[in-house]
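Quantities reported herein were computed from a predicted structural model and do not represent experimental measurements. As the structure lists them, so they are numbered: ligands from 1, and atoms in each ligand from 1. Positions are given from 1, in the same order as the sequence printed here.
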Amino acid sequence: MTRPSPDGEGPSFAPGLPLGAPARYDGAMPDRDDIPAAPRFLDVALPLPVRRSFSYRLPAETPAPAPGCRVRVPLGAGVETGVVLRVLDAARLEPALRDRPERVKEILEVLDAEPWLDAPLLRLGAWLADYYGAAPGETLRAMIPVKPLKRPRQPAPEPTPPRDEPPRPTPAQSAALAEVTAALDAGAFAAFLLHGVTGSGKTEVYLRAIAHALDAGRQAIVLVPEISLTPQAARRFRARLGERVGIFHSGLGAGERLAVWRGAREGSLDVVLGPRSAVFAPLPRLGLVVIDEEHDGSYKQTEKPRYHARSVALVRARALGAVVVMGSATPGLESLHNARTGKYRLLSLPDRVGGGRIPRPELVDLREQEGGLLAPALEEALDACLGRGEKAMLLLNRRGHSRLRLCRDCGEPQRCSRCDIPLTYHSGRERLVCHYCGQERPLAPACPECGGRRWVLLGAGTQQLEMDLELRFPGVRVLRMDLDSTSRRGAHQRILDAFAAPGPALLLGTQMIAKGHHIPEVTLVGVVAADTGLFLPDYRAAERTWQLLEQVSGRAGRGERPGRVIAQTYNPDHPVLAGLAAGRSGDWVERELRDRRQLGYPPFRRLTSLLVSAPEEEAAEEAARRLRRDFRDAWPDSPAEMLGPAPAFLPRLKGRHRRQLLVKGCLTRDQKAWFSEHFAAIARAMRRTGALGLDLDVDPESLL
Ligand SMILES: [Zn+2]
Ligand SMILES: [Zn+2]
């Protein structure tokens, strides 16, 4: 059996061996003394969806790059950038090449003088590829989120804000901190869950723990969920810890990103703050990883490799004897469970700094209301709040103007032609937009189903709410924060600054408004539709609703004046909503954990989602069925349970039909690898190579 090699000649695999076996990348490092004088070869991981690595020859005059450096290499007719795994002599080439080493192609260029990935990071990459069933080359590329620049420019240094004086810690903060610093002093791995209510001063604990690690000569990574949180967090961390804090996020230019990564590697930075990819920051003396809002879904990468930054942080820290502090007001149920079973150590901050009370939501039963978007109780509360010169926030977790444009004659919505999803109406541009693929369509004059010409808009979104509020509260500053209004760089901060300026103001928006802002003048939070996410077909739907409502409630009453939260709902008796209103959300957590244990969901059993897609519905269905049958045949003794195939939550997306298989229970490293490799065989057998797709998601964050 022979397989085509992506680079034409000079394949580095031995014919007849199973794919992936010969050059299985184990993160092992060579001894420097081991490296022969000449000829020399490099084992290179390329960002391709395969498990093998590739051999290239090093030109005689080129000094051998260290493992973890990037090289440019020829690949087929093109050029690719890969990561050096090790230096080999001819004797260690694969058998097929050993006798004819002259067939091996030369590399074009060594891009780095110093490696981006040191030995522990290369080992972390090996773990990540195995655990998430991802290709090593794709994994290593994700771990180096900077691009080579022709002429790297040093960005202008940011002004250094005078240093802030630290406030006196509360007794609860001091107690939590004492445990963390003791663990740092012990120099052994430890994981803490810092469960602190909104406004309880978790950041102060992070800052002091980081200062302690820096004093001991170690370094820190701070993970924050979203780019939107970064400017505020960055200011605060810089103000306390000085200019040795590097801020990393996707909104930076290539030069700025490179400067942060280089500063981490070369020692001019001791703290790197950023979203999930910052977990790979090449700090050589990492001693502490802080994960703020540890429950946040954005820590899971949605494209390959589909890693969870919290899991990666824990694995990286364990290998280095470092400490992880995971903070949240609404920890994920997995984390709460891990704290109960002793995997994490639980630290509590039960009270707000300054003693303010966290308001419980008052529920407004929409079943008994008529008319507009806001029930009279919420309108009156808004009148009173704005009348006192205070500020209010309104959550509506649905962007656009209206969720549906429906034919009055036959009841059909206008749908996306590629996804079968009803299109969302956006005012201003007067367009219909698919929120899944981004496709924009004009408003059809006639219904494609029945030819009717009478339309109705249903399901109000943030744009419609904004218009209503501007009419209802003339003269009041109304600001909208959602994906559409924050697409420009810096827009998010401009909206927050305008809202925070003195005087009455209304901020409305999607879940973005629930996150991390500290604006003391906010005394009222309104939830326009508390049920929006409650009944989505995902076992986490209720947990997500609980977290969102608890987080948005936490925005109210952070100053001197008490806050009020009013939530409109059609389901006031739902355990999540009733629990929050009664101040007993712990009851809901217990009940939910009991249900999950019974149904075999995380944290009690692991999940892996396998999404099979094809342009034709029959092909997707058949490939999914074959995959299920062949898994049972190949692994008859596996205790893992496979459900499906069933149509995915979005049965058709971007022109592809989607079928989902769900595996409950642990899969081994070999089983995860088997899925990708065997799926390729199924595609060949069905003569659908290139058309069939398999998306393997280990520990999926969402089943939607
Ligand atoms: Zn119609
Ligand atoms: Zn679409």
Side-chain angles (χ1 to χ4, degrees), residues 297-298 300-304 306 396-464 482-487 510-512 532-533 535-538 541 544 609-621 623-624 644-660 688 690-697 700-704:
S298 72
K300 182 83 197 265
Q301 167 120 320
T302 49
E303 63 258 24
K304 289 180 195 174
R306 288 170 157 273
L396 177 57
N397 209 8
R398 189 188 294 150
R399 69 189 172 95
H401 178 280
S402 298
R403 194 167 64 84
L404 296 174
R405 183 174 187 250
L406 213 68
C407 169
R408 271 182 190 271
D409 293 328
C410 72
E412 261 300 301
Q414 195 175 338
R415 292 174 187 270
C416 173
S417 58
R418 304 167 68 206
C419 310
D420 284 344
I421 308 287
L423 294 163
T424 300
Y425 171 62
H426 283 245
S427 57
R429 285 176 299 166
E430 300 301 316
R431 305 285 279 181
L432 294 166
V433 181
C434 173
H435 281 188
Y436 291 93
C437 74
Q439 182 175 209
E440 294 195 11
R441 310 290 299 166
L443 277 65
C447 169
E449 292 295 319
C450 74
R453 290 179 168 269
R454 303 187 309 144
W455 296 92
V456 60
L457 294 168
L458 286 182
T462 46
Q463 284 185 337
Q464 191 177 339
D482 55 27
L483 209 59
D484 302 305
S485 71
T486 55
S487 55
T510 56
Q511 56 186 335
M512 271 188 194
T532 318
F535 299 108
L536 291 172
D538 186 323
R544 291 270 175 259
S609 152
L610 295 151
L611 198 82
V612 176
S613 65
E616 315 85 15
E617 191 170 4
E618 307 73 39
E621 175 73 20
F649 175 64
L650 302 173
R652 186 158 158 256
L653 187 66
K654 299 181 189 177
R656 297 179 68 82
H657 291 271
R658 292 144 46 96
R659 288 288 186 274
Q660 191 171 39
R688 280 286 185 281
L692 279 169
L694 173 68
D695 191 0
L696 177 86
D697 191 359
E701 190 61 25
S702 157
L703 297 181
L704 301 181

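Salt-bridge formation is not detected for the pair K304/D695: no Lys NZ or Arg NE/NH1/NH2 atom is positioned less than 4.0 Å from an Asp or Glu carboxylate oxygen.
With no hydrogens or angles considered, no side-chain donor-acceptor pair links Q464 and S427 at under 3.5 Å. With no hydrogens or angles considered, no side-chain donor-acceptor pair links T510 and N397 at under 3.5 Å.
Rounded to 10°, the angle that SG of C407 and SG of C447 form at the Zn ion (ligand 1) is 110°. Around the Zn ion (ligand 1), the two atoms SG of C410 and SG of C450 are separated by an angle of 110°, to 10 degrees.
Taking 2.8 Å as the criterion, C419 counts as a coordinating residue of the Zn ion (ligand 2), since one of its N, O or S atoms falls below it.
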Task: Evaluation steps, salt bridge (Lys or Arg N to Asp or Glu O under 4.0 Å), between E617 and R652 - done: CA-CA 9 Å; E617 191 170 4; R652 186 158 158 256; over 6 Å; no

